[in-house]
Protein chains: 2
Amino acid sequence: MSSHKPAAPDALTQKLGTFLALGREELAMLDELQGPRTYIPAGKEVVYQGQHGHAAYVLREGWACSYKRLIDGSRQIIDIGVPGDFLGLRSLLLRTSDQSFVTLTDVEVRRVVTSKLWDAFRKTPRLAGALLWAVSRDEAMVVEHLVSIGRRDALARTAHFLLELGARMRLVGRGSHDSYECPLSQSMLADALGMTAIHLNRVLRQLRESNLLVFREGVVRFIDREKLADMIGFDLSYLDQGGPVLD
Amino acid sequence: MSSHKPAAPDALTQKLGTFLALGREELAMLDELQGPRTYIPAGKEVVYQGQHGHAAYVLREGWACSYKRLIDGSRQIIDIGVPGDFLGLRSLLLRTSDQSFVTLTDVEVRRVVTSKLWDAFRKTPRLAGALLWAVSRDEAMVVEHLVSIGRRDALARTAHFLLELGARMRLVGRGSHDSYECPLSQSMLADALGMTAIHLNRVLRQLRESNLLVFREGVVRFIDREKLADMIGFDLSYLDQGGPVLD
DNA sequence: CGCGCTCTTGACTAGGGTCAAGTGCAGTGG
DNA sequence: CCACTGCACTTGACCCTAGTCAAGAGCGCG
């Protein structure tokens with residue numbers, strides 16, 4: 001019941017607001033669904049692959065990612081979490097988590113109070129719809145990611161990924177039209193894109209030398225966003241950012 | 001209320017039964033959630049990428065798949081649907097469908113009656129949980145698919161995919177321990193696996209000549225399932241087939 | 001000061017894509 | 001009944017994208 005006075009909306013509220021305008025009661029329920037704020041340092045494994053009875057979180061500040069590790073030791077990053085994203089919500093009902101989650105920076109999270117989820121469905125179905133929408137949207141990103149890895153070459157894949165991240169950051173009020181902070185190392189980016197860090201490095205150089213984008217010192221800066229976007233056919237309709245559906 | 005007498009359980013009921021034992025009332029609700037049986041011929045596009053106000057279906061008999069098409073005309077198959085699977089449930093809340101669905105064989109489906117979904121959440125939360133579990137499991141498969149394409153070579157990817165399909169078929173009572181019917185053409189399999197049909201053909205030959213599996217005339221037959229499975233480190237724990245959780 | 005990590009670049013290799021040609025059907029129409 | 005077309009599958013030859021191996025630079029940290 002921390003209804004002191006809703007200050008600037010947090011990232012999740014802001015994102016859900018893209019889907020529909022939340023009322024007073026719904027905002028209260030959204031708050032109730034989350035446990036106290038918790039701070040976790042960078043590099044901490046929050047949930048591990050095979051874990052039983054794992055929790056889900058709302059990522060309020062900082063970055064995290066989910067990944068799977070293969071027997072040969074290589075890993076594939078599934079998904080990057082930025083402020084306003086859920087961590088592990090979609091695998092909550094699985095007996096064992098199918099993936100691991102690590103923090104990439106120091107983060108602020110709130111645990112999802114699963115026991116109240118059913119309440120939310122009963123009392124605030126619009127909110128529940130918004131939450132399911134957010135999960136669906138996350139899933140659409142994973143799907144697009146799969147398509148990228150399956151059918152785009154290294155350059156297009158890299159560009160697409162960085163454009164998408166930019167769009168996601170802007171959606172939650174981080175970063176500007178042509179740049180954003182991105183704390184990923186090259187080897188992580190490579191693990192996300194299904195290639196080697198060495199090759200990623202070459203691709204980044206190519207993007208830089210073609211005056212398309214620069215990724216340096218933790219900042220992605222688009223030099224020619226337009227050109228880049230239609231060079232690779234970037235279409236973010238799958239992010240479903242249509243502005244509030246008022247019902 | 002088609003409660004004549006529950007005959008042999010259909011594929012979806014059977015699959016949900018893997019997660020939890022459904023009671024009389026829950027089975028009735030599950031039935032109510034589905035519209036009348038409908039038959040659709042092979043090769044029909046049920047939902048197309050970008051479609052507005054698309055529906056979701058339960059696939060009762062036959063095969064279907066979802067895919068995305070890129071600007072250059074190539075396509076990536078996201079997911080194969082076998083009996084008992086949902087089609088398009090996870091993108092129901094998106095304003096426009098982010099992917100297309102085609103039938104691969106003649107199929108029998110029942111439309112999901114979305115207006116009753118909220119009823120289900122209220123009246124039969126255990127059933128609702130089972131449905132969300134099924135969706136989570138589908139997503140876990142997409143994630144594993146992504147990992148495959150990102151980090152496994154063509155041989156392992158192909159073997160993994162065919163092993164997974166076999167496990168899914170068995171789960172819904174289709175196919176035996178060492179073989180199952182698979183109506184996919186090589187070019188479709190290739191589109192699913194993120195490679196060219198030509199290369200897939202070479203890989204299939206290799207699998208055949210190594211006495212691991214044969215895929216011919218619409219039937220996948222494992223010659224040495226064991227060897228194949230641990231050669232590629234196949235671990236189907238992500239399919240979460242643990243037997244009923246009785247609550 | 002040295003260790004470890006990220007980033008960078010070059011040289012070489014190989015997995016998988018491209019191109020091309022050919023086989024074996026199943027369907028269709030003369 | 002047979003040509004003709006189209007599709008799924010096969011195989012070979014060649015090439016290119018991206019992986020592997022190796023070495024070095026810059027930097028934060030104990």
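For the numbers below, each heavy atom of this structure counts, side chains included, while hydrogens, waters and symmetry mates do not. Letters A, B, ... mirror the listed sequences (proteins, then strands); counts begin at 1.
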Quiz item: For the salt bridge (Lys or Arg N to Asp or Glu O under 4.0 Å) test, which of A:Asp85, A:Asp79, A:Asp98 pairs with A:Arg90?
Solution: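 Only one of A:Asp85, A:Asp79, A:Asp98 forms a salt bridge (Lys or Arg N to Asp or Glu O under 4.0 Å) with A:Arg90, namely A:Asp79.
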Whole-Å gap separating [atom2] ([N]) and [atom1] ([X]):
X        : N      : atom1 : atom2 : value
B:Arg208 : D:dC9  : CZ    : P     : 12 Å
B:Leu207 : D:dT10 : CG    : P     : 13 Å
A:Leu204 : C:dC7  : CG    : P     : 9 Å
B:Gln186 : C:dG16 : CD    : C1'   : 16 Å
A:Arg216 : D:dC27 : CZ    : C1'   : 15 Å
A:Leu189 : C:dC7  : CG    : C1'   : 13 Å

Can any side-chain N or O of [X] pair as donor or acceptor with the backbone N or O of [Y] at less than 3.5 Å?
X        : Y        : result
B:Arg60  : B:Arg37  : no
A:Ser187 : A:Ala197 : no
A:Arg221 : A:Ser179 : no

Self-check item: Salt bridge present between A:Arg151 and B:Asp191 (N-O < 4.0 angstrom)
Solution: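 So A:Arg151 pairs with B:Asp191 through a salt bridge.
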Self-check item: Partner of A:Ile77 by side-chain contact (heavy atoms from CB on, under 4.5 Å), out of A:Met188, A:Lys68, A:Gln99
Solution: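 Among A:Met188, A:Lys68, A:Gln99, the one meeting side-chain contact (heavy atoms from CB on, under 4.5 Å) with A:Ile77 is A:Met188.
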Pick out the pairs of N or O atoms, protein on one side and nucleotides 18-20 of chain D on the other, that lie under 3.5 Å.
{"unit_1": "D:dA18", "atom_1": "OP1", "unit_2": "A:Ala154", "atom_2": "N", "d": "2.9"}
{"unit_1": "D:dA18", "atom_1": "OP2", "unit_2": "A:His199", "atom_2": "NE2", "d": "3.4"}
{"unit_1": "D:dG19", "atom_1": "OP2", "unit_2": "A:Thr196", "atom_2": "N", "d": "3.3"}
{"unit_1": "D:dG19", "atom_1": "OP2", "unit_2": "A:Thr196", "atom_2": "OG1", "d": "3.0"}
{"unit_1": "D:dG19", "atom_1": "N7", "unit_2": "A:Arg202", "atom_2": "NH2", "d": "3.1"}
{"unit_1": "D:dG19", "atom_1": "O6", "unit_2": "A:Arg202", "atom_2": "NH2", "d": "3.4"}
{"unit_1": "D:dT20", "atom_1": "O4", "unit_2": "A:Arg202", "atom_2": "NH2", "d": "3.4"}

With 3.5 Å as the limit, what N/O pairs link the protein to nucleotides 22-28 of chain C?
none

Quiz item: Considering residues, nucleotides and ligands other than A:Arg69, do more than 12 of their heavy atoms fall under 6.0 Å from its CZ?
Solution: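 Counting other residues, nucleotides and ligands, CZ of A:Arg69 exceeds 12 neighbours.
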Self-check item: CD (B:Glu217) with more than 12 external heavy atoms under 6.0 Å
Solution: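 Incorrect, the count does not exceed 12.
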Quiz prompt | Overall bend - the helix from C:dC1-D:dG30 to C:dG30-D:dC1, comparing terminal axes fitted on five pairs, nearest 10 degrees | solution =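 The angle separating the two end axes equals 30°.
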Self-check item: Geometric cation-pi criterion B:Lys44 and B:Phe101, 6.0 Å radius, 45° cone
Solution: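 Not flagged: B:Lys44 not positioned over aromatic ring of B:Phe101.
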Self-check item: Validation row, ring centre A:Phe222 to ring centre A:His177 under 6.0 Å
Solution: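 No.
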Quiz item: Atom CG in B:Leu59, atom CG in B:Leu87: separation rounded to 0.5 Å?
Solution: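 B:Leu59 atom CG to B:Leu87 atom CG measures 5.0 Å (nearest 0.5 Å).
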Self-check item: B:Arg205 vs D:dT11: side-chain N/O to OP1/OP2 distance below 4.0 Å
Solution: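 Yes, because at least one side-chain N or O of B:Arg205 sits under 4.0 Å from OP1 or OP2 of D:dT11.
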Quiz item: When you check the phosphate oxygens OP1 and OP2 of D:dT10, does a side-chain N or O of B:Asn201 lie under 4.0 Å from one of them?
Solution: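 Indeed, a polar side-chain atom of B:Asn201 lies that close.
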